[in-house]
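Heads up, the thing below is written out as structure tokens.
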Number of protein chains: 2
Amino acid sequence: MVGTMSVSVRDVAKTAGVSVGTVSNVLNNPDKVAAKTVAKVHSAIDELGFVRNDAARQLRAGKSRCIGLVVLDVRNPFFTDLARGAEDAAAEHNMSVLLANSDETSNRELAMLSLFEEQRVHGVLVTPVSDNLEPFIKARERGTPIVLVDRRSHDKNFSSVSVDDVAGGYLAASHLIETGKKKLAFAGGPISIQQVTDRLKGASKCTAEHPDVTLEIIPCRSLSILSGREIGEEILRRPKPNRPDAIFAANDLVAIGIMQACLTTDEISIPQDLGLIGYDDIGFAATAIVALTSIRQPTHEMGARAVELLIQEAEQTDGKRKVTRIEFQPELVIRDSTSMVSQQH
Amino acid sequence: MVGTMSVSVRDVAKTAGVSVGTVSNVLNNPDKVAAKTVAKVHSAIDELGFVRNDAARQLRAGKSRCIGLVVLDVRNPFFTDLARGAEDAAAEHNMSVLLANSDETSNRELAMLSLFEEQRVHGVLVTPVSDNLEPFIKARERGTPIVLVDRRSHDKNFSSVSVDDVAGGYLAASHLIETGKKKLAFAGGPISIQQVTDRLKGASKCTAEHPDVTLEIIPCRSLSILSGREIGEEILRRPKPNRPDAIFAANDLVAIGIMQACLTTDEISIPQDLGLIGYDDIGFAATAIVALTSIRQPTHEMGARAVELLIQEAEQTDGKRKVTRIEFQPELVIRDSTSMVSQQH
DNA sequence: CTGAATTTATGAATCGTTTCAATGACTTAC
DNA sequence: GTAAGTCATTGAAACGATTCATAAATTCAG
């Protein structure tokens with residue numbers, strides 16, 4: 001019997017000739033119910049087309065089995081990979097991930113946070129737009145666990161999962177120097193983003209150790225392909241002696257933009273005239289026109305670990321809050337955009 | 001007073017010295033409450049850090065204010081744009097969109113559908129993985145409105161929002177022919193995807209009208225950049241006379257892959273030796289190495305209209321189901337990859 | 001000043017699930 | 001044959017917001 005009216009456990013119980021408690025047990029603790037009864041209940045469920053009402057379940061449970069994830073930009077493969085890691089880890093705990101997109105604006109970020117709070121999600125993972133963590137502190141005080149992803153907490157107040165971006169910057173610059181480059185440039189911005197600053201810091205540290213190497217800083221409006229193209233075009237306008245011989249871009253999108261600009265002319269070839277290295281190792285890096293050398297972050301694992309931290313934090317019923325800050329080490333992935341040897345096209 | 005224990009309307013009522021009904025009215029019908037009382041209640045809410053429990057609210061309401069959206073691939077900009085259109089339209093009705101990702105597998109699709117049903121979402125928008133719509137028919141019979149997006153329903157059973165892909169295919173082929181190309185090729189697959197078949201159908205129809213023009217079909221594993229590259233490499237391996245002089249790719253990702261393969265050599269230049277046109281006009285098309293001509297779909301509006309249809313369908317309380325099928329017309333966007341004139345690099 | 005009309009406020013009932021103390025049925029041990 | 005256990009099932013209470021019939025307070029007309 002199928003219909004548009006709502007079917008409840010009570011209806012199932014009546015049809016199966018058992019009590020509501022038994023139906024609930026069939027759904028949640030099947031081993032506590034006699035096999036014969038389980039069968040009866042299941043057939044009633046099928047017959048009536050019963051679908052468990054999650055709102056009622058949550059109401060009783062006090063918390064939902066969903067985890068909120070607020071990222072800066074769903075279009076950036078880095079974040080969708082991270083989301084996938086979170087989903088996989090959540091699935092192991094029988095939970096789901098709700099993906100939300102702050103679009104780098106505080107307003108949207110706050111709206112999503114409120115939505116998640118009202119939903120009584122198990123917790124919220126967030127890459128905050130700004131340094132002002134006040135709303136998250138408030139939310140946590142109200143009982144919603146919060147974990148920062150891809151971002152260390154300044155105030156050591158939040159658990160977080162991040163990557164050592166200073167080390168990543170060092171790695172990138174050091175690799176460029178090893179390939180014989182001397183006039184390095186760092187392309188990235190806005191500097192309000194912590195990741196950008198850290199990557200630059202690491203690169204500076206490395207170049208400081210090499211007296212014969214210089215590091216120019218080329219600011220950029222946003223971490224997008226378009227910004228990268230603008231930078232590339234600017235470099236093409238320069239007289240040759242003023243051009244860097246290698247660029248470390250703050251992320252892969254910027255690097256790809258620079259690459260596109262350079263390859264529209266014959267003036268600059270990669271990597272001979274210009275070594276190029278990106279950051280994040282998004283899937284697109286390997287398939288770029290000239291396969292892009294990049295700094296890989298354990299994206300999937302970051303998402304997964306963040307979920308673990310969140311669940312752990314949610315279990316801390318006592319007043320004490322244990323703050324755990326996980327920091328991964330980045331990894332250099334060498335491809336054609338810096339390596340003369342493996343040029344195979 | 002801030003704490004980790006849950007604050008309910010009852011607590012707010014006690015603190016404000018009013019009844020629970022009044023608190024509820026302040027939240028939902030502020031005009032029915034005296035201004036002074038509203039103020040009292042609001043200050044109690046702030047003092048206690050009250051956050052409305054959405055589960056309880058939904059339980060009473062019977063339905064949530066969320067719309068589920070299941071797409072094939074969140075990484076494809078086409079779908080994130082569509083999602084954005086849906087979000088905007090939903091926001092106007094004071095609703096939210098939950099974005100889920102079927103990854104083109106039926107299993108995940110079904111899991112997400114169940115999740116949404118249990119959540120008693122207002123309705124579900126879906127681009128189905130396969131032709132088997134049985135689970136969706138069942139879900140709708142149980143009371144969850146369903147609208148198909150980017151997909152016409154075969155059985156005329158579902159409301160849907162789609163684009164006339166046959167017309168789009170015709171448009172693409174016709175443009176290539178106008179630029180003087182004679183040996184066309186269509187690159188796309190798998191053919192189980194309705195969009196692919198329709199686009200090819202439109203292109204065939206057009207070439208059939210031109211006796212001096214041929215159309216080759218180059219199948220492809222998936223609609224990804226990687227598949228496109230493989231096709232490009234295959235073409236490069238052919239002796240020149242066997243190469244097409246223009247390719248219509250089933251989507252932009254494939255077109256970009258082909259472009260990448262061609263630009264690693266000097267053998268083929270775009271558009272002189274090979275005209276190239278994609279489909280979807282994703283943001284990346286305009287910023288590709290050679291700006292890509294494409295067929296634009298009103299992505300944002302499709303998402304928005306789908307939400308409107310869904311809400312309309314949800315309001316149909318009577319038994320009659322009105323099926324509305326909206327079909328948009330695609331639009332040609334000419335860029336450098338087919339146009340000799342505007343080559344400006 | 002009274003009765004009617006209008007504006008505000010009340011609080012018990014409700015939504016559907018889960019929980020848990022209590023009951024019943026049925027073994028097993030002595 | 002009885003006491004002590006198991007094992008399976010029961011059903012009322014609880015979760016927290018909303019609704020709505022009702023009551024109270026206020027305004028207004030005459």
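So you know, we letter chains A, B, ... as the sequences are listed, proteins then strands, and number each from 1.
B/Val18 comes within 4.0 angstrom of sugar-phosphate atoms only, judged by non-hydrogen atoms across all strands, and of no base. Across all strands, B/Ser8 comes closer than 4.0 Å only to sugar-phosphate atoms, never to a base (heavy-atom distances). Using a 4.0 Å heavy-atom criterion, one finds that A/Arg10 contacts the bases of the nucleic acid, with or without backbone contacts as well.
Distance NZ (B/Lys63) to C1' (D/dT18): 18 Å, rounded to an integer number of Å. When the C1' atom of D/dA17 is taken as reference, atom CG of A/Leu59 falls 9 Å away, rounded to whole Å. If you take CZ of B/Arg60 and C1' of D/dC15, they are 15 Å apart, rounded to a whole angstrom.
With sequence neighbours excluded, the residues forming a side chain to side chain donor-acceptor pair (under 3.5 Å) with A/Arg108 are B/Glu87, listed by chain and number. Applying the side chain to side chain donor-acceptor pair (under 3.5 Å) rule to A/His42 yields no partners; only residues at least two apart in sequence or on another chain are considered. With sequence neighbours left out, B/Asp81 forms a side chain to side chain donor-acceptor pair (under 3.5 Å) with A/Arg75. Scored by the side-chain contact (heavy atoms from CB on, under 4.5 Å) test, B/Asp31 finds no partners at all (sequence neighbours excluded). Annotation: salt bridge (charged side-chain N to carboxylate O under 4.0 Å, His left out) contacts of B/Glu92 (sequence neighbours excluded): none. With sequence neighbours excluded, the residues satisfying side-chain contact (heavy atoms from CB on, under 4.5 Å) with B/Leu72 are B/Phe79, B/Ser102, B/Glu104, B/Thr127, B/Val129. Partners of B/Glu327 according to the salt bridge (charged side-chain N to carboxylate O under 4.0 Å, His left out) rule, which considers only residues two or more places apart in sequence or in another chain, are B/Arg152. Listed by chain and residue number, A/Asp54 satisfy the salt bridge (charged side-chain N to carboxylate O under 4.0 Å, His left out) test with A/Arg57 (two or more places apart in sequence, or in another chain).
A donor-acceptor distance shorter than 3.5 angstrom exists from the side chain of A/Arg120 to the backbone of B/Arg52, with no hydrogens or angles considered.
Counted by atom type alone, A/Asn53 and B/Glu118 present zero donor-acceptor pairs between their side chains at under 3.5 Å.
Of the residues in residues 26-39 of chain B, those placing a heavy atom less than 4.0 Å from an atom of DNA chain D are B/Asn28, in numerical order.
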Can you tabulate the close N/O pairs, meaning under 3.5 Å, that link protein atoms to atoms of nucleotides 4-7 of chain D?
none

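Both A/Val51 and B/Val20 lie close to DNA chain C; mapped to their nearest nucleotides by heavy-atom distance, the more 5′-ward contact belongs to B/Val20.
Where DNA chain C meets chain B (any atom under 4.0 Å from a heavy atom), the bounding nucleotides read 5' to 3' are C/dT8 to C/dG16.
The environment of A/Lys14 atom NZ is sparse: at most 12 non-hydrogen atoms of other residues, nucleotides or ligands sit within 6.0 angstrom.
When side chains are defined from C-beta on, A/Leu309 counts as touching A/Ile326, because their heavy atoms get closer than 4.5 Å. Contact annotation: the side chain of A/Thr144 never approaches that of A/Phe116 to less than 4.5 Å [non-hydrogen atoms, C-beta and beyond].
Between its two ends, the helix from C/dC1-D/dG30 to C/dC30-D/dG1 turns its axis by 40°, counting five pairs per end and rounding to 10 degrees.
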